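Just below is one structure, and these are the notes that go with it.
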Amino acid sequence: SAVISQKPSRDICQRGTSLTIQCQVDSQVTMMFWYRQQPGQSLTLIATANQGSEATYESGFVIDKFPISRPNLTFSTLTVSNMSPEDSSIYLCSVDRGWSGELFFGEGSRLTVL
Amino acid sequence: KQEVTQIPAALSVPEGENLVLNCSFTDSAIYNLQWFRQDPGKGLTSLLLIQSSQREQTSGRLNASLDKSSGRSTLYIAASQPGDSATYLCAVTLKAAGNKLTFGGGTRVLVKP
């Protein structure tokens, strides 16, 4: 398995502000993924982050709203910009370890926007 | 577009009863299928991973089967315990989609003492 740490674990933010979520992995990984889980919903992929290249965003998600950094093979950040109450969700970081394709998740960052 | 459906959405059973959770997917060209557990407000814990070439995987009281041709997977939890209460999610990876997971809506399980 992988040890994946996310910060902050939760936060309450004001409308119009931005928040950066950090994801730290205990070993080097090629691909890191960011997911969103809105209240009462399942998970939706926001983007895939590979080290040394621009993140690849899924339909409905744009870089201006969710800028992502991937400075090295163990770390990534996701910023939620110009937040509105609709951005209140759990944001989860995920990594792929090994040949099997099994994905592991962090504990998530619960964001509430007032 | 791959769609993943989990039925039922919620399930309540007395302690000791076996749990049967269903997952169906529309595109059979999957790379693998994973079952996860999620406790309220928490992240996901990987329970079982089934490769497309496999028909089942077992871990302790958990057994997951995969019928790729019919687009179905079933998670069995034997002799349920109150600690099994959680939401269970299945997710598939398409061969053409890299390691991107498509999730079902989840089954919320309550095991009553």
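As the structure is a prediction and not an experimental result, all values here were calculated from the model. Below, chains carry the letters A, B, ... as their sequence lines are ordered, and counting in each starts from 1.
- A/L43 has its side chain out of reach of B/F36: every pair of non-hydrogen atoms, C-beta onward, lies at least 4.5 Å apart.
- Between the OG1 atom of B/T45 and the CD atom of A/E107 there is a distance of 7.0 Å, given to the nearest 0.5 Å.
- Hydrophobic clustering (side-chain heavy atoms under 4.5 Å, transitive across Ile, Leu, Val, Met, Phe, Trp, Tyr) keeps A/V113 apart from A/V62.
- Placement of B/V92 and B/L47 within a single hydrophobic cluster is found when ILVMFWY residues are connected by side-chain heavy-atom separations under 4.5 Å, directly or transitively.
- B/L33 and B/L62 fall within the same hydrophobic cluster, defined by Ile, Leu, Val, Met, Phe, Trp and Tyr side-chain heavy atoms under 4.5 Å apart, directly or through other members.
- For A/L103, the parts lying under 4.5 angstrom from a heavy atom of chain B are both the backbone and the side chain.
- Formation of a donor-acceptor pair under 3.5 Å by the B/S46 side chain with backbone atoms of A/F104 is not found in this model.
- B/W35 and B/L94 fall within the same hydrophobic cluster, where Ile, Leu, Val, Met, Phe, Trp and Tyr residues are linked whenever their side-chain heavy atoms come under 4.5 Å apart, directly or through other members.
- More than 12 heavy atoms of other residues, nucleotides or ligands lie within 6.0 Å of CZ in B/R37, so this atom counts as buried by the packing criterion.
- The local environment of CZ in B/R61 is crowded, with over 12 non-hydrogen atoms from other residues, nucleotides or ligands closer than 6.0 Å.
- Counting all heavy atoms, side chain and backbone alike, B/G105 lies closest to A/S42 at CA-CB, 3.9 Å.
- For A/E54, the CD atom counts as loosely surrounded, since its 6.0 Å shell holds 12 or fewer non-hydrogen atoms of other residues, nucleotides or ligands.
- Interface remark: A/Q41 contributes no atoms to any contact with chain B (heavy atom separation under 4.5 Å).
- Contact of B/Q6 with chain A is not made at all, since no heavy-atom distance falls under 4.5 Å.
- A/W34 and B/L89 sit in two unconnected hydrophobic clusters of ILVMFWY residues. Membership requires side-chain heavy atoms under 4.5 Å apart, directly or through other members.
- Taking both residues in full, the closest heavy atoms of A/L45 and B/K100 are given as CD2-CD, 3.2 Å, listed atom of the first, atom of the second, then distance.
- The line from CD of A/Q37 to CG of B/L44 is 7.0 Å long, rounded to the nearest 0.5 Å.
- Along residues 64-76 of chain A, no residue comes nearer than 4.5 angstrom to chain B, judged on non-hydrogen atoms.
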Would you list the atom pairs, donor with acceptor, under 3.5 Å between side chains in residues 7-15 of chain A and any protein atom, with sequence neighbours excluded?
none

Next on the checklist: Between B/L101 and A/F33, is the side-chain contact (heavy atoms from CB on, under 4.5 Å) condition met? List the steps.
Outcome noted: CA-CA 10 Å; B/L101 290 172; A/F33 306 88; over 6 Å; no
